Amino acid sequence: MIFPRCILAALLSALATFPAAAQSAFSVGDVSAAPGSVALGTLQVAARSGDSGSSVPFSIVNGSAPGPVLALIAGTHGMEYVPIVALQRLRDAIDPKTLRGTLIMVHVANMPSFLGRTIYYSPADGKNLNRVYPGKADGTLSERIADVITREVIARATHVVDLHCGDGNESLRPYSYWITTGDPKVADAGRAMALAFGLDHIVVDRERPVDPGASIYTSNTAVTRGKPALTTETGGMAVVDEPSIALVKKGVEGLMRHLGMRDEGPGPVTAPVMLERNEVIRAGFTGMFYAEVERGHTVAKGGRIGRITDFHGRTLQEIVAPFDGEVLYVVGTPPMTKGEPVAMVGGKS
Ligand SMILES: [Zn+2]
């Protein structure tokens, strides 16, 4: 738009009368990013008896004007590569000079699991990082990693996104989790974040604890501290694929627009499928799992999802759908341990 000269002069004088607040430097750990700049750093998790500690690589993209502090956390599970790769690319594609507010990107939250190539559990202590929040300063390695991320990242942010995908064994169709528990204002803002991220299936998550001292999950650690948050799932099976990376990129760009951090970006998803009912189906036996459906398939109540056999191939259990719904993820590799997930089904009601 071209302004007539007189209007432009009036606008400029109005801006001079009410100068915008200046953006400050932003620090995480011992690294500081000046306004309009990018800084790279690593948080150290000190060694204790029984382990050798860990490191948490991060980037700060500090805008040139004030605004929200959006934390983007990747690599909570060690074989969920899509968000890890997507964040590196996003960091390089965002111009801090035109950004309002600040991005904190955690590139690999769970380094022991990433380098150890383990699903779900850390090779250091056998714990699931996304079940030990807000962590413990004197706990096991996963608990200490959670403690560092809670204090240095989540506590510093105004909004948090925990970026997952199907783990190394999970074939997954994209979806996000909207946490409804806690402060209704925070929940409403979380819903708006889910719409802005743009994934067309949203699991309505009514089961999260409300105690900030026992928040259990990464995004719930934010929610229980009054900060809107979201968990996203894009990709799976340890594949680094461009369509899944594009979903993360589009999602973060949509969020930055929604939060007023940038003018450009995609608009929110208009008619998402809200999954009011969901269930993670767990194995009744240890053995081998053979899926008979694919991610995204619709299933009727009682319909076959797969079967678990013993190590000679004899069927131990037929896995069936608990209600009419859609397969959000299904395990795509044979190893199966009693009590672990075989599939997740989401339904509209
Ligand atoms: Zn995960």
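The model shown is predicted, which means the values in this text are computed figures rather than measured ones. Heavy-atom basis, side chains included; hydrogens, waters and symmetry copies ignored.
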Enquirer: Could you go through Ile319 and Ile308, starting from their C-alpha distance and side-chain angles, then the distance that decides it, and tell me whether this counts as side-chain contact (heavy atoms from CB on, under 4.5 Å)?
Expert: CA-CA 8 Å; Ile319 305 291; Ile308 297 172; 4.0 Å; yes
Enquirer: For the backbone of Gly284 and the side chain of Gln317, can you confirm whether one donor and one acceptor N or O come within less than 3.5 Å of each other?
Expert: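 The answer is yes, because a donor-acceptor pair under 3.5 Å joins these two groups.
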Enquirer: Please identify which of these residues, Val280, Asp167, Asn169, meets the side-chain contact (heavy atoms from CB on, under 4.5 Å) condition with Tyr329.
Expert: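 With Tyr329 as partner, Val280, Asp167, Asn169 yield a single side-chain contact (heavy atoms from CB on, under 4.5 Å), made by Val280.
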Enquirer: If we count only N and O atoms by modelled type, under 3.5 Å, do the side chains of Ser219 and Thr231 hold a donor and an acceptor together?
Expert: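 Present: a donor and an acceptor within the cut-off.
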Enquirer: Side-chain contact test, heavy atoms from C-beta onward, threshold under 4.5 Å: evaluate it for Leu255 versus Phe197 and give yes or no.
Expert: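 Of all side-chain heavy-atom pairs linking Phe197 with Leu255, at least one is under 4.5 Å.
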Enquirer: Treating Ile, Leu, Val, Met, Phe, Trp and Tyr as nodes and any side-chain heavy-atom pair under 4.5 angstrom as an edge, say whether Ile202 and Val160 lie in one connected cluster.
Expert: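 No; tracing contacts between hydrophobic side chains, which count when under 4.5 Å, never links both residues.
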Enquirer: Could you tell me if the side chain of Ser349 sits less than 4.5 Å from the side chain of Phe323, heavy atoms only?
Expert: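 In short, these two side chains do not touch, never coming nearer than 4.5 Å.
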Enquirer: Would you confirm whether Glu80, through its side chain, and His164, through its main-chain N or O, come within 3.5 Å as a donor-acceptor pair?
Expert: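 Flag not set: sc Glu80 to bb His164 has no pair under 3.5 Å.
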Enquirer: How about Asn62 and Ser37: does a side-chain donor come under 3.5 Å of a side-chain acceptor?
Expert: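 Looking only at side-chain atoms, Ser37 and Asn62 do not form any donor-acceptor pair under 3.5 Å.
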Enquirer: Are any side-chain N or O atoms of Glu143 and backbone N or O atoms of Thr140, one a donor and one an acceptor, separated by less than 3.5 Å?
Expert: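 Between the backbone of Thr140 and the side chain of Glu143 there is a qualifying donor-acceptor contact (under 3.5 Å).
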Enquirer: List the steps, then state whether side-chain contact (heavy atoms from CB on, under 4.5 Å) holds for Arg208 with Ile216.
Expert: CA-CA 8 Å; Arg208 297 299 186 225; Ile216 312 290; over 6 Å; no
Enquirer: My understanding is that only residues two or more places apart in sequence, or in another chain, count here; which of them pass side chain to side chain donor-acceptor pair (under 3.5 Å) with Thr315?
Expert: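 Arg307.
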Enquirer: Is the backbone of Gly226 close enough, under 3.5 Å, to the side chain of Asp183 for a donor and an acceptor to pair up by distance?
Expert: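 Not at all, since once roles are kept as given, no pair shorter than 3.5 Å links the two residues.
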Enquirer: State, yes or no, whether a side-chain contact exists between Met344 and Leu275 at a heavy-atom distance under 4.5 Å.
Expert: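 Met344 does not reach Leu275 side chain to side chain.
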Enquirer: Report yes if the side chains of Ile145 and Pro112 come closer than 4.5 Å at any heavy-atom pair, otherwise no.
Expert: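 Side-chain contact under 4.5 Å: yes.
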Enquirer: Listed by chain and number, what are the side chain to side chain donor-acceptor pair (under 3.5 Å) partners of Ser176, not counting sequence neighbours?
Expert: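 If we apply the side chain to side chain donor-acceptor pair (under 3.5 Å) test to Ser176, skipping adjacent residues, there are no hits.
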Enquirer: Rounded to the nearest 0.5 Å, what separates atom CG in Leu129 from atom OG in Ser142?
Expert: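 One finds 5.5 Å between CG of Leu129 and OG of Ser142.
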Enquirer: Counting distance only, does the side-chain N/O of Arg225 pair as donor-acceptor with the main-chain N or O of Pro212 below 3.5 Å?
Expert: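 Side chain of Arg225 to backbone of Pro212: a pair is present.
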Enquirer: Using the rule that two of Ile, Leu, Val, Met, Phe, Trp, Tyr join whenever any of their side-chain heavy atoms come within less than 4.5 Å, decide whether Met111 and Val45 are in one cluster.
Expert: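 Unlinked, Met111 and Val45 end up in two clusters.
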Enquirer: Counting only N and O atoms by type, is there a donor-acceptor contact under 3.5 Å from the side chain of Lys227 to the main-chain atoms of Thr158?
Expert: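 No, the answer is negative, given that no donor and acceptor are paired below the 3.5 Å cut-off.
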Enquirer: Can you tell which of Leu72, Asn130, Leu230, Ile149 makes a side-chain contact (heavy atoms from CB on, under 4.5 Å) with Asp162?
Expert: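 With Asp162 as partner, side-chain contact (heavy atoms from CB on, under 4.5 Å) holds for just one option, Asn130.
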Enquirer: Mind checking what makes side chain to side chain donor-acceptor pair (under 3.5 Å) contact with Tyr81, not counting sequence neighbours?
Expert: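 Tyr81 satisfies side chain to side chain donor-acceptor pair (under 3.5 Å) with no residue once adjacent residues are dropped.
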Enquirer: Just by distance, no angles: are the side chains of His77 and Ser113 close enough, under 3.5 Å, to form a donor-acceptor pair?
Expert: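 Absent: no donor and acceptor within the cut-off.
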Enquirer: Let me confirm one number: the CG-CE distance from Leu103 to Met261, rounded to the nearest 0.5 Å.
Expert: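 The CE atom of Met261 is 4.5 Å from CG of Leu103, to the nearest 0.5 Å.
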Enquirer: State whether the side chain of Trp178 and the backbone N or O of Ala187 hold a donor-acceptor pair below 3.5 Å, judged by distance alone.
Expert: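 It does hold such a pair.
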Enquirer: When you check the gap from the basic side-chain N to the acidic O, do Glu279 and Lys301 get nearer than 4.0 Å?
Expert: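 Salt bridge between Glu279 and Lys301, a charged N being under 4.0 Å from a carboxylate O: no.
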Enquirer: Is Ser64 close to Gln23 at the side-chain level, that is, under 4.5 Å between some pair of heavy atoms?
Expert: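 Not in contact.
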Enquirer: Once you round to the nearest 0.5 Å, how far does OG1 of Thr218 lie from CD1 of Ile154?
Expert: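 Reported value, rounded in 0.5 Å steps: 6.0 Å.
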Enquirer: Of all heavy-atom pairs between Ile73 and Ala109, which one has the smallest distance, and what is that distance?
Expert: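 Taking Ile73 first and Ala109 second, the nearest heavy atoms are CG2-CB, 4.2 Å.
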Enquirer: Hey, is the main chain of Gly78 close enough, under 3.5 Å, to the side chain of Asn110 for a donor-acceptor pair?
Expert: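 No, because the side chain of Asn110 does not come within donor-acceptor range (under 3.5 Å) of the backbone of Gly78.
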Enquirer: Indicate, with yes or no, if Val239 and Leu87 share a hydrophobic cluster defined by side-chain heavy-atom contacts under 4.5 Å among Ile, Leu, Val, Met, Phe, Trp and Tyr.
Expert: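 Leu87 does not cluster with Val239.
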Enquirer: Could you report the tightest heavy-atom contact between Ala321 and Ala300, atom names first, then the distance?
Expert: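 For Ala321 versus Ala300, the nearest heavy atoms are CB-O, 3.4 Å.
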Enquirer: Minimum heavy-atom separation for Val331 and Ala291, please, with both atom names.
Expert: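 Scanning both residues completely, I find the closest heavy atoms to be O-CB, 3.8 Å.
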Enquirer: Would Glu276 and Arg206 count as a side-chain contact (heavy atoms from CB on, under 4.5 Å) here? Give the steps.
Expert: CA-CA 9 Å; Glu276 295 283 345; Arg206 303 187 188 282; 2.7 Å; yes
Enquirer: Distance from Glu207 atom CD to Tyr177 atom OH, nearest 0.5 Å?
Expert: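 One finds 12.0 Å between CD of Glu207 and OH of Tyr177.
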Enquirer: Quick check: closest heavy atoms across Pro322 and Val345, and the distance to 0.1 Å?
Expert: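 In this case the closest contact between Pro322 and Val345 is CD-CG2, 4.3 Å.
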Enquirer: Is there a chain of hydrophobic side chains (I, L, V, M, F, W, Y, each step under 4.5 Å between heavy atoms) that links Val108 to Val85?
Expert: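 Yes, Val108 and Val85 fall within the same hydrophobic cluster.
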Enquirer: Considering only heavy atoms from C-beta outward, does the side chain of Arg151 approach that of Val148 to under 4.5 Å?
Expert: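 Side-chain contact under 4.5 Å: yes.
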Enquirer: Please report the closest heavy-atom contact between Lys136 and Arg144, naming both atoms and the distance.
Expert: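 Reported closest heavy-atom pair: O-CG, 3.2 Å.
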Enquirer: Between Val203 and Ile179, is there shared hydrophobic-cluster membership here, with clusters defined by ILVMFWY side-chain heavy atoms closer than 4.5 Å?
Expert: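 Different clusters: Val203 never reaches Ile179 through Ile, Leu, Val, Met, Phe, Trp or Tyr contacts under 4.5 Å.
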Enquirer: When you measure from the side chain of Thr234 to the backbone of Cys165, do you find a donor-acceptor pair of N or O atoms at a distance under 3.5 Å?
Expert: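 Not at all, since once roles are kept as given, no pair shorter than 3.5 Å links the two residues.
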Enquirer: So that I can tick it off, tell me whether Arg257 and Glu253 are bridged by a salt bridge, with the cut-off set at under 4.0 angstrom between side-chain N and carboxylate O.
Expert: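 Judged by the 4.0 Å cut-off on N to carboxylate O distance, Glu253 and Arg257 do not form a salt bridge.
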Enquirer: Among His297, Arg173, Arg295, which one satisfies side-chain hydrogen bond (donor to acceptor under 3.5 Å, both in side chains) with Glu326?
Expert: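 For Glu326, the side-chain hydrogen bond (donor to acceptor under 3.5 Å, both in side chains) check succeeds only for Arg173.
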Enquirer: Regarding Arg131 and the six-membered ring of Tyr120, is the cationic atom NZ or CZ under 6.0 Å from the ring centre and inside 45° of its axis?
Expert: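 Pair Arg131/Tyr120 does not count as cation-pi.
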Enquirer: Let me confirm one number: the CG-CD1 distance from Leu70 to Ile104, rounded to the nearest 0.5 Å.
Expert: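 These two atoms lie 8.5 Å from each other.
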Enquirer: May I have the step-by-step check of side-chain contact (heavy atoms from CB on, under 4.5 Å) for His201 and Glu233, ending in yes or no?
Expert: CA-CA 10 Å; His201 280 48; Glu233 301 275 357; over 6 Å; no
Enquirer: Minimum heavy-atom separation for Gly190 to Pro228, with atom names?
Expert: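 Shortest heavy-atom contact: N-CB, 4.0 Å.
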Enquirer: What I'd like to find out is whether the side chain of Leu195 reaches to under 4.5 Å of the side chain of Pro272, using heavy atoms alone.
Expert: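 Yes, close enough: below the 4.5 Å cut-off.
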Enquirer: How far apart are the C-alpha atoms of Arg100 and Asp263, what are their side-chain angles, what is the distance that settles it, and do they pass the salt bridge (charged side-chain N to carboxylate O under 4.0 Å, His left out) test?
Expert: CA-CA 10 Å; Arg100 293 180 289 269; Asp263 295 330; 2.8 Å; yes
Enquirer: As an exercise, state the distance from CD1 of Ile84 to CG of Leu163, rounded to the nearest 0.5 Å.
Expert: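 Taking CD1 in Ile84 and CG in Leu163, the distance rounds to 10.0 Å.
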Enquirer: Can you find a heavy atom in the side chain of Pro174 that is under 4.5 Å from one in the side chain of Ser244?
Expert: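 Result no, sub-4.5 Å side-chain heavy-atom pair not found.
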